[in-house]
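Computed from heavy atoms alone, side chains included, the values below leave out hydrogens, waters and symmetry copies. Just so it is clear, the structure is predicted and the values come from calculations on it, not from any experiment.
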Amino acid sequence: YFYWGADSGAGYASGSAKRSLDWASGGWVSLSSTDLDFRVYMGGVDRQMRDVSVNGNARAHVMTNVTVGGNADGYTYTNGTVTGNVNANSISSCTVNGNASYNTLSSCTVNGTRTTPTVPPADLAPVPLPITQAMIDGWKTSAEAGGTTAGDVTINGTQTIGPRKITGKLTVTNGSTLVINGTIWVVGDIMFDNGSIIRLAASYGALSGMIIGDAKIDVKNNSSFSGSGNPASFMMLLDAKDSIGEETINVDNNSLGVIYYASRSWIKFSNNAAAKEATAYGIRLDNNAILTYDTGLANANFSSGPSGGWDILNWREVE
């Protein structure tokens with residue numbers, strides 16, 4: 001992508017800057033004493049945070065409408081309040097309760113010391129995602145080894161499934177309980193209806209387990225997820241769909257206790273939704289949505305079932 005801009009330096013020795021609403025039809029208007037500038041960004045994506053509150057430190061290339069409870073580091077910080085310090089190339093329309101280091105400032109209140117010019121922090125280097133395609137393929141193979149159910153599956157009451165491949169949709173109805181006894185792979189959509197309960201079988205022990213979906217996963221109000229009962233055991237919903245521009249996991253109000261993973265799509269959290277952890281190409285948070293990271297995830301071992309299989313060792317969020 002690129003930025004267009006203008007400056008009053010008039011540094012070009014010949015020619016003049018002009019603009020038109022339609023280059024094909026003409027109607028060019030001269031921009032007196034103005035030069036046109038541009039900056040081109042090639043490759044990658046512009047890492048950004050928008051319209052959220054972060055209780056601790058925040059770091060992104062662009063931060064817009066972000067309230068930061070700790071320090072803010074990035075290239076551009078616009079329209080927000082920082083409890084701690086800020087270090088950025090440009091800050092505007094903001095309040096900084098601590099110190100501010102910047103190159104350009106516009107309409108900002110800084111209660112601490114000001115340092116300019118500065119060298120803004122570089123963007124964080126990309127970190128490999130903790131789950132590889134080989135792991136996902138292995139978990140799918142383990143699920144399929146337990147048998148294949150053709151068509152849709154609907155859970156009413158309490159039912160135990162797994163390992164199992166389901167070629168259609170999986171629906172857990174209102175107030176019903178699904179006990180997972182091995183990895184479940186669902187080719188169609190997954191629906192966890194209001195008040196549904198999804199938990200791992202006690203035989204998982206300290207291991208963690210998952211449901212894998214190839215389409216959309218919809219988690220309705222008050223759905224509850226849990227591991228085997230062991231504090232080291234967690235439940236994960238993994239969406240394997242490759243759709244960068246799509247929200248493939250949708251989490252409604254008051255849904256608790258699960259790890260969400262969608263490396264090639266988006267996750268949307270609605271009001272008061274919460275998660276143990278979320279990893280995705282992109283994440284959207286509605287009002288009051290909360291991500292509460294559990295320190296136990298640093299050593300969570302994900303297994304294809306109680307009998308063992310593929311594991312993830314040393315799952316960790318890197319700042």
Side-chain angles (χ1 to χ4, degrees), residues 130-220 223-230 232-243 248-251 255 257-265 300-313 315:
I131 297 177
T132 66
Q133 187 60 46
M135 291 177 178
I136 296 174
D137 292 341
W139 288 326
K140 286 184 174 181
T141 298
S142 297
E144 193 170 20
T148 298
T149 299
D152 300 340
V153 171
T154 300
I155 306 298
N156 291 299
T158 299
Q159 189 172 342
T160 299
I161 297 180
R164 176 68 51 173
K165 176 183 177 181
I166 300 171
T167 64
K169 300 178 181 178
L170 171 64
T171 301
V172 181
T173 60
N174 290 0
S176 295
T177 298
L178 171 60
V179 181
I180 298 172
N181 199 45
T183 299
I184 299 175
W185 170 22
V186 183
V187 178
D189 292 341
I190 300 173
M191 166 78 77
F192 300 110
D193 222 333
N194 297 339
S196 57
I197 299 172
I198 301 89
R199 59 181 174 84
L200 298 179
S203 53
Y204 267 85
L207 296 176
S208 298
M210 76 204 71
I211 297 176
I212 301 174
D214 285 344
K216 288 191 173 182
I217 300 175
D218 199 359
V219 182
K220 293 297 186 181
S223 297
S224 176
F225 298 82
S226 61
S228 66
N230 186 302
S233 179
F234 298 92
M235 178 73 202
M236 178 166 67
L237 294 181
L238 189 155
D239 199 306
K241 187 175 183 180
D242 189 351
S243 185
T248 60
I249 300 180
N250 182 71
V251 187
S255 299
V258 66
I259 300 166
Y260 296 100
Y261 191 93
S263 62
R264 298 177 181 177
S265 59
N301 296 325
F302 288 87
S303 170
S304 58
S307 60
W310 294 80
D311 292 338
I312 298 176
L313 301 179
W315 173 291

Exercise. Run the side chain to side chain contact (heavy atoms under 4.5 Å, CB included) check on M236 and I212 step by step: do they pass?
Worked result: CA-CA 8 Å; M236 178 166 67; I212 301 174; over 6 Å; no
Exercise. Do NZ/NE/NH1/NH2 and the carboxylate oxygens of D218 and K220 come within less than 4.0 Å?
Worked result: yes
Problem set entry | side chain to side chain donor-acceptor pair (under 3.5 Å) partners of N194, counting only residues at least two apart | none
Kindly say whether [Y] contributes a backbone atom to a donor-acceptor pair with the side chain of [X] at under 3.5 angstrom?
X: S208; Y: F234; result: yes
X: T173; Y: I155; result: yes
X: S176; Y: G157; result: yes
X: S233; Y: L207; result: yes

So do the side chains of [X] and [Y] get within less than 4.5 Å of each other, counting heavy atoms only?
X: I161; Y: V153; answer: yes
X: Y260; Y: I217; answer: no
X: L238; Y: I136; answer: yes

Taking all atoms of both residues into account, what is the closest heavy-atom pair of [X] and [Y], and its distance?
X: P163; Y: S142; answer: CB-O, 3.6 Å
X: V187; Y: T167; answer: CB-O, 3.5 Å
X: W139; Y: T183; answer: O-CG2, 3.9 Å

Exercise. What do the steps show when you test I211 against I190 for side chain to side chain contact (heavy atoms under 4.5 Å, CB included), and what is the final call?
Worked result: CA-CA 9 Å; I211 297 176; I190 300 173; 3.8 Å; yes
Taking atom [atom1] of [X] and atom [atom2] of [Y], what is their separation to the nearest 0.5 Å?
X: I198; Y: T177; atom1: CD1; atom2: OG1; result: 8.0 Å
X: I180; Y: S226; atom1: CD1; atom2: OG; result: 9.0 Å
X: L237; Y: I249; atom1: CG; atom2: CD1; result: 6.5 Å
X: I166; Y: D152; atom1: CD1; atom2: CG; result: 9.0 Å
X: I131; Y: S263; atom1: CD1; atom2: OG; result: 7.5 Å

Exercise. So, S243 versus S265: side-chain donor-acceptor pair below 3.5 Å or not?
Worked result: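 No, because no side-chain N or O of S243 sits under 3.5 Å from a partner of the opposite role on S265.
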Is there any salt bridge (Lys or Arg N to Asp or Glu O under 4.0 Å) pair reaching into [range], and which pairs are they, with sequence neighbours excluded?
range: residues 169-183; result: none
range: residues 201-214; result: K140-D214
range: residues 159-168; result: E144-K165
range: residues 170-199; result: none

Problem set entry | Pairs meeting criterion ring-ring contact (aromatic ring centres under 6.0 Å, His included) with involvement of residues 149-195, two or more places apart | F192-F225
For this session: Check the pair N181 / S203 against side chain to side chain contact (heavy atoms under 4.5 Å, CB included), numbers first and verdict last.
Result: CA-CA 8 Å; N181 199 45; S203 53; 3.6 Å; yes
Problem set entry | Pair L170-M191, side chain to side chain contact (heavy atoms under 4.5 Å, CB included): steps then yes or no | CA-CA 6 Å; L170 171 64; M191 166 78 77; over 6 Å; no
